[in-house]
A.B. asks: 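For reference, the structure I am asking about is given below.
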Amino acid sequence: MDDFARALIVTAVCCVAAYFLCGIPFGKILGKCLGNVDIQQAGSGNIGTTNALRVAGPKVAALTLLFDLLKGTVCVVAARWLIPVLGLGAPAWSLVPGASGDWLVVLVALASLYGHIFSPYLHFHGGKGIATGVGILFGYCWPLALVHLGIFIVLVALTKFVSLGSIVTAGLVPLTMFVTFPSMGPVALALWAVLGWTVVWAHRANIARLRAGKESKLSFTKRVTTKDDE
């Protein structure tokens with residue numbers, strides 16, 4: 001078996017592991033354990049940080065954010081080490097961001113995001129991907145993650161719409177990747193575009209509410225007990 005075939009096998013294993021790890025619904029688990037509520041039964045019905053805040057409060061939301069960030073970061077960091085060492089027989093630094101084989105790592109990043117959005121433990125329903133997506137960026141290139149986090153914070157601070165900050169931040173991913181890594185191959189860049197725009201797609205209901213002027217603004221004190229469409 002040549003190095004490339006071995007690397008593909010290691011990548012496939014990493015993708016499966018990342019999908020199931022990132023599918024763990026920490027928001028739902030923490031909501032039940034710490035707040036005695038099921039965050040899927042109120043608000044947007046999603047398992048992410050924003051809905052955890054709206055339904056279960058700041059403590060559950062903060063922990064949900066932490067775990068959702070970490071699961072994305074851990075998967076990408078592990079893949080960047082495992083694929084070259086076990087697959088290519090090369091040092092881990094051989095797949096630095098923008099390297100020719102870096103698209104293998106981006107595949108794992110995409111599997112991580114899809115695990116969170118399409119959780120296998122919740123009948124393929126999950127969160128909208130922004131926290132896990134930022135965690136993925138931290139695992140891939142932390143300075144770029146800080147740029148996206150800064151964009152998100154500024155937009156949310158100005159508008160009070162978490163969804164708007166999420167949509168713009170995610171939509172810019174392929175552009176910032178291209179600017180930061182101009183030598184990045186087309187496959188890796190396309191995968192990053194799919195990753196970023198999947199998060200935008202996951203916010204399609206928010207986009208409709210923003211256009212209709214019905215989107216909820218960020219609040220650390222207001223709680224919801226019913227679904228948004230009820």
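Being a predicted model, the structure only gives us computed values, none of them experimental. Position 1 is the first residue of the sequence; numbering continues from there.
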A.B. asks: Can you tell me how far CG of L30 sits from CG of D68, rounded to the nearest 0.5 angstrom?
C.D. replies: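 Here the rounded value is 9.0 Å.
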A.B. asks: If hydrophobic clusters are built by linking Ile, Leu, Val, Met, Phe, Trp and Tyr wherever their side-chain heavy atoms come under 4.5 Å apart, do L82 and L70 end up in the same one?
C.D. replies: no
A.B. asks: Atom OG of S119 and atom NZ of K28: how far apart are they, to the nearest 0.5 Å?
C.D. replies: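 NZ of K28 is found 10.0 Å from OG of S119.
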A.B. asks: Rounded to the nearest 0.5 Å, how far apart are CG of L107 and SG of C15?
C.D. replies: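 Taking CG in L107 and SG in C15, the distance rounds to 5.0 Å.
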A.B. asks: Tell me, with the steps shown, if I47 and L122 meet side chain to side chain contact (heavy atoms under 4.5 Å, CB included).
C.D. replies: CA-CA 10 Å; I47 60 169; L122 300 174; 3.7 Å; yes
A.B. asks: Identify which one of T49, T50, N206, T198 satisfies the side-chain hydrogen bond (donor to acceptor under 3.5 Å, both in side chains) criterion when paired with K128.
C.D. replies: N206
A.B. asks: Flag yes if V106 and V77 sit in one hydrophobic cluster, no otherwise; membership is Ile, Leu, Val, Met, Phe, Trp, Tyr, and two members link when side-chain heavy atoms are under 4.5 Å apart.
C.D. replies: no
A.B. asks: Does a side chain donor of either T176 or H148 reach within less than 3.5 Å of an acceptor in the other side chain?
C.D. replies: yes
A.B. asks: With hydrophobic residues grouped by side-chain heavy-atom distances under 4.5 Å, do V168 and V147 end up in a single group?
C.D. replies: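 Yes; V147 is reachable from V168 via cluster members.
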A.B. asks: To the closest 0.5 Å, what do you measure between OH (Y19) and CG (L110)?
C.D. replies: 11.5 Å
A.B. asks: Can you confirm whether or not the ring centre of Y140 sits under 6.0 Å from the ring centre of W192?
C.D. replies: yes
A.B. asks: Rounded to the nearest 0.5 Å, how far apart are SG of C14 and CD1 of I9?
C.D. replies: 12.0 Å
A.B. asks: Do V156 and K160 have side-chain heavy atoms sitting under 4.5 Å apart?
C.D. replies: no
A.B. asks: Under 4.5 Å between side-chain heavy atoms, counting indirect links through other Ile/Leu/Val/Met/Phe/Trp/Tyr residues: same cluster for L21 and I83 or not?
C.D. replies: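 Both belong to a single hydrophobic cluster.
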A.B. asks: Give a yes/no verdict on a cation-pi contact between K71 and F26, requiring under 6.0 Å between NZ or CZ and the six-membered ring centre and an angle within 45° of the axis.
C.D. replies: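 No, cation not above the ring by the 6.0 Å, 45° rule.
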A.B. asks: Considering the options T180, V173, V179, which one meets the side chain to side chain contact (heavy atoms under 4.5 Å, CB included) requirement together with M177?
C.D. replies: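 Going through T180, V173, V179 one by one, the side chain to side chain contact (heavy atoms under 4.5 Å, CB included) with M177 is satisfied by V173 alone.
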A.B. asks: For a 4.5 angstrom cut-off between non-hydrogen side-chain atoms, does V108 reach V76?
C.D. replies: no
A.B. asks: In terms of hydrophobic clustering (I, L, V, M, F, W, Y; side-chain heavy atoms under 4.5 Å; direct or indirect links), are W81 and V74 co-clustered?
C.D. replies: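 In one cluster with W81: V74, no.
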A.B. asks: Give, for atom NE2 of H116 and atom CD1 of I130, the distance between the pair rounded to the nearest 0.5 Å.
C.D. replies: 10.0 Å
A.B. asks: Give me the atom names and distance for the closest heavy-atom approach of S166 to H203.
C.D. replies: CB-NE2, 3.5 Å
A.B. asks: Heavy atoms only: give me the nearest P174-W197 pair and the separation to one decimal.
C.D. replies: CG-CZ2, 3.7 Å
A.B. asks: Would you sort out whether H125 and F118 count as a side chain to side chain contact (heavy atoms under 4.5 Å, CB included), showing the intermediate values?
C.D. replies: CA-CA 5 Å; H125 294 285; F118 307 106; over 6 Å; no
